Amino acid sequence: MTNNEPNSRFLRACRRLPVDATPIWLMRQAGRYMQEYRELRVKHSMLEMIQTPELAAEVTLQPINAFDLDAAIIFADILPPLIGMGLDLEFVPGKGPVIHNPIDTPADIAALRTPLAEEFLGSTISAVKMVSDELAPRGIPLIGFAGAPFTLASYAIEGGGSKDYAKTKALMYSHPVAWAMLMEKLAAVQADYLLQQAKAGASALQVFDSWAGLAVGKQAYQQFVAPYNTKLFETLKSTGLPVINFSTGTFPYLEKVAACGGEVIGVDFRMPLGAAWEKIGYERAIQGNLDPATLLAPWETLKSQIDLVLDEAAGRPGHIFNLGHGIHKTTPVEAIKRLVDYVHERTHQL
Ligand code: CP3
């Protein structure tokens, strides 16, 4: 590009440039709600799909070929980076991710390795290269991603999902020095992983801090979470790519989340998008925030909920339409198609 201005709607919105229609992509857009995904998934485990670049590339493209989406996100997961650090991760069918040797003590944290992404995440980096080569001529940007340190620490310590994050927070409050070491190690591994995805051709990067806001309040966030996110976003500036800072449950201190970094702030469905944007400041782009459960409702209801989100955005440049969290696996494909087309139709500028 000669004038340095991106052409794609998604990348333009990340920079708050005017667009011909509001861009839309959907968190968890590749997944079990699609028959094409389920057909592959009966033949391969989740880790096999992630670790085989051809399969990961194919799954990444499934929603792109089925809907008029404005960006792809590489098919991977936030948890495989923990494997190279020494944790034994398994995706257990019907249960979700399990870590068989969770972190329990400061000694376990000291023993964690911090390998380079190319040593153990080469398959995802190759998949990023394959998909970005395929999508570049079609003008569709590819988003690379990683988990934020707190969200990864919660899986590493709890051994899986959690409702109260009790073990994570007990370690955080009881062993602040070891906690700092854990967060530093996680931030370093994620930074390198994201830099490699950028080098392989990703056009934007998203950092998922899915659970920090559900686990800690403003003061603990400032003390135990924010410094490591800030460091991560600082490192990513060298890529020159737009970075999306996504979290959930952080509305009470969204300005602190935004202060950590990211050109785009991804917000969940628990807050009105307009109020969130006001808190973040209009010099940042915003991504969100339709409740994914509305996709399970009749079209008239879904349409009115989409309208609410678009009304909240008020036509300001810098809105990327997305869900306020991942797609539910029971979502009808038809609802996704109508959502994507309706957002483009309603916002289209002649
Ligand atoms: O968005 C996309 O389409 C890209 C792929 C992607 C996956 N996971 C694939 C996946 C992304 C971006 C993620 C991120 C992820 N993984 C997060 C952060 C986003 C969020 O939802 O907050 C988290 C917390 C995880 C951890 C994780 N992975 C959980 C809790 C689960 C089980 C959930 C479930 O619905 O079963 C996974 C598995 C997973 N990751 C699936 C997919 C498509 C389902 C796997 C299957 O086929 O069985």
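All of these numbers come straight from a predicted model, not from anything done at the bench. Order of listing sets the numbers, starting from 1, for every ligand and every atom in it.
- For Glu312 (side chain) and Gly274 (main-chain N/O), a donor-acceptor pair under 3.5 Å exists by modelled atom type.
- Nearest to atom 16 (N) of ligand 1 by heavy atom, out of Ile327, Asp77, Thr60, is Asp77.
- Arg316 forms a cation-pi arrangement with Tyr282, by the criterion of a distance under 6.0 Å to the ring centre and an angle within 45° of the ring axis.
- Interface atoms of ligand 1 facing Ala76, defined by a heavy-atom separation under 4.0 Å, are 5 (C), 6 (C), 7 (C), 8 (N), 9 (C).
- Counting the atoms of ligand 1 from 1 in the order shown, those under 4.0 Å from a heavy atom of Phe91 are 28 (N), 37 (C), 38 (C).
- Distances from atom 2 (C) of ligand 1 to the heavy atoms of Arg28, Arg38, Met46, Met34 show the closest one on Arg28.
- In this structure a side-chain-to-backbone donor-acceptor pair under 3.5 Å is missing from Asp291 to Phe269.
- In the candidate list Gln206, His328, Arg32, His44, Arg32 is nearest to atom 36 (O) of ligand 1, counting heavy atoms.
- Under the 30°/60° scheme for interplanar angles, the aromatic rings of Tyr221 and Tyr253 are found to be tilted.
- Contact check for Asp209 versus Thr250: no side-chain heavy atoms found under the 4.5 Å cut-off.
- Under 4.0 Å from ligand 1, the heavy atoms of Ile74 that appear belong solely to its backbone.
- Each of the atoms 1 (O), 2 (C), 3 (O) of ligand 1 lies under 4.0 Å from some heavy atom of Gln29.
- Across all non-hydrogen atoms, the minimal contact from Leu40 to Val59 is CD1-CG2, 3.6 Å.
- Residue contacts with ligand 1 include Pro97, since one of its heavy atoms falls under 4.0 Å from the ligand.
- Close contacts between ligand 1 and Tyr37 involve ligand atoms 43 (C), 45 (C), 46 (C), 47 (O) [criterion: under 4.0 Å to a heavy atom].
- When only modelled atom types and interatomic distance are considered, Gln219 and Gln223 share no side-chain donor-acceptor pair under 3.5 Å.
- Counting atoms of ligand 1 from 1 in the listed order, those under 4.0 Å from a heavy atom of Arg41 are 46 (C), 47 (O), 48 (O).
- Within ligand 1, the atoms closer than 4.0 Å to a non-hydrogen atom of Ser210 are 18 (C), 19 (C), 20 (C), 22 (O), numbered from 1 in the order shown.
- Counting protein heavy atoms only, atom 24 (C) of ligand 1 is closest to Tyr155 OH, 3.5 Å.
- In summary, the side chains of Trp211 and Tyr155 do present a donor paired with an acceptor at a separation below 3.5 Å, with no hydrogens or angles considered.
- Ligand 1 places these atoms under 4.0 Å from at least one heavy atom of Ala30: 3 (O), 43 (C).
- Ring centers of Phe246 and His325: under 6.0 Å apart, within the cut-off.
- Here is the list of ligand 1 atoms found below 4.0 Å of a heavy atom in His325: 20 (C), 21 (O), 22 (O).
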